[in-house]
Amino acid sequence: MNAQALKETAQTLYMAEAEKREIVRITRDYPELTVEDAYRIQEELVELKLKRGNGIIGPKMGLTSRAKMQQMNVEEPIYGYIFDDMLVPNGGTLEFDQLIHPKVEAEIAFVLGEDIEGPGISGEQILAVTEYFIPVLEVIDSRYENFSFKLPDVIADNASSSRVVFGEKIKKPDRLKLDRASVSLVINGEVKERGTGDAVLGHPANSAAMLANMLARKQQKLTAGSVILTGGVTGAVMLKRGDSVSAHVEGLGDVSFTVSS
Ligand code: OOG
Ligand code: MG
């Protein structure tokens with residue numbers, strides 16, 4: 001794809017989000033779109049959001065668990081960015097009318113006390129500099145028709161990022177084994193999805209490590225203080241108006257929101 005087409009595609013994705021409009025996936029017209037070009041589109045899209053005055057909360061990994069890979073039929077982890085205008089307060093309301101076809105998933109986020117620069121970073125190195133864990137509900141809202149995409153499409157679309165709800169920031173407990181921690185996603189009082197931390201690449205810290213290594217290709221690093229989402233532990237669940245949603249992460253606590261009616 002040439003530079004002009006990359007910019008135009010980013011603009012199309014940007015407008016689809018702003019106007020809550022589904023679009024046809026890019027790979028329908030550009031079946032040869034590469035992962036590298038898809039990240040270039042994502043960078044243009046990030047640039048448009050920064051120009052609008054939005055700030056980055058932190059990077060996110062996606063498609064890091066088998067459940068998510070199978071559900072979306074994409075076999076490779078990806079990354080994107082969470083912006084400050086995506087924040088919904090814990091216990092707050094998600095405005096359904098602002099979104100296209102939102103889904104929710106339960107995740108674990110990390111906050112590092114030091115910058116980490118790949119390549120060659122391991123999960124152990126991430127854990128050694130982690131200051132906090134946060135239980136997270138991420139709302140994803142692919143801009144593509146029927147949430148149907150291929151790997152380059154979802155990368156270009158900032159990994160379907162839409163909204164995020166953070167639970168309380170928990171100072172890294174000494175003995176918590178996040179890979180064994182159970183994670184449940186509850187909607188209207190019913191457990192819809194359940195998993196353990198090891199569903200995310202064996203340990204959520206491995207996801208953050210992989211992100212550090214992926215960012216190194218662009219001479220970028222994980223920075224101290226930013227919130228790093230490690231990817232849905234379980235499959236994502238479609239949201240309906242009026243839903244009451246919560247997630248529980250063993251050892252970290254709860255996070256919740258309500259969908260507007
Ligand atoms: C892509 C976003 C994936 C995750 O946690 O796996 C993601 C999608 O499923 O639309 O955020
Ligand atoms: Mg996610």
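Only heavy atoms go into these numbers, but all of them, side chains included; no hydrogens, no water, no symmetry mates. Values in this document were obtained by computation on a predicted structure and should not be read as measured data. In each ligand, atom 1 is the first atom listed, and ligand 1 is the first ligand listed.
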**Side-chain donor-acceptor pair present, D254, S246, cut-off under 3.5 Å** = no
**Item:** Verify same cluster id: L94, I100 (apolar side-chain graph, 4.5 Å)
**Value:** no
When you pair each N or O of ligand 1 with protein N or O atoms, which pairs come out under 3.5 Å?
unit_1: ligand 1; atom_1: 5 (O); unit_2: E105; atom_2: OE2; d: 2.6
unit_1: ligand 1; atom_1: 5 (O); unit_2: E107; atom_2: OE2; d: 2.8
unit_1: ligand 1; atom_1: 5 (O); unit_2: G232; atom_2: N; d: 2.7
unit_1: ligand 1; atom_1: 6 (O); unit_2: L63; atom_2: N; d: 2.7
unit_1: ligand 1; atom_1: 9 (O); unit_2: K68; atom_2: NZ; d: 2.8
unit_1: ligand 1; atom_1: 10 (O); unit_2: S160; atom_2: OG; d: 2.7
unit_1: ligand 1; atom_1: 11 (O); unit_2: K60; atom_2: NZ; d: 2.9
unit_1: ligand 1; atom_1: 11 (O); unit_2: E105; atom_2: OE2; d: 2.8
unit_1: ligand 1; atom_1: 11 (O); unit_2: E138; atom_2: OE1; d: 3.0

**Message:** Do Y81 and F166 sit in one hydrophobic cluster, given that two such residues count as connected whenever their side-chain heavy atoms are within less than 4.5 Å of each other, even indirectly?
**Reply:** yes
**Over all atoms of both residues, closest heavy-atom pair of I41 and A156** = CG2-CB, 3.7 Å
**Message:** Is the terminal nitrogen or CZ of K171 (NZ for Lys, CZ for Arg) located under 6.0 angstrom from the six-membered ring centre of Y132 and within 45° of that ring's axis?
**Reply:** yes
**Message:** Under 4.5 Å between side-chain heavy atoms, counting indirect links through other Ile/Leu/Val/Met/Phe/Trp/Tyr residues: same cluster for V200 and I140 or not?
**Reply:** yes
**Message:** Assess the residue pair D153 and R143 against the criterion (salt bridge (Lys or Arg N to Asp or Glu O under 4.0 Å)); give the C-alpha distance rounded to whole Å, side-chain angles, the decisive distance to 0.1 Å, and a yes or no.
**Reply:** CA-CA 10 Å; D153 299 300; R143 270 52 70 170; over 6 Å; no
**Request:** Carefully, step by step, assess E107 and K68 under the rule salt bridge (Lys or Arg N to Asp or Glu O under 4.0 Å).
**Result:** CA-CA 12 Å; E107 308 204 3; K68 285 284 313 184; over 6 Å; no
**Asked** Linking I/L/V/M/F/W/Y whenever their side-chain heavy atoms sit closer than 4.5 Å, directly or via other members, would Y144 and L33 fall into one cluster?
**Response** yes
**Message:** Short of 2.8 Å from the Mg ion (ligand 2), name each protein N/O/S atom, waters not counted.
**Reply:** E105 OE2, E107 OE2, E138 OE1
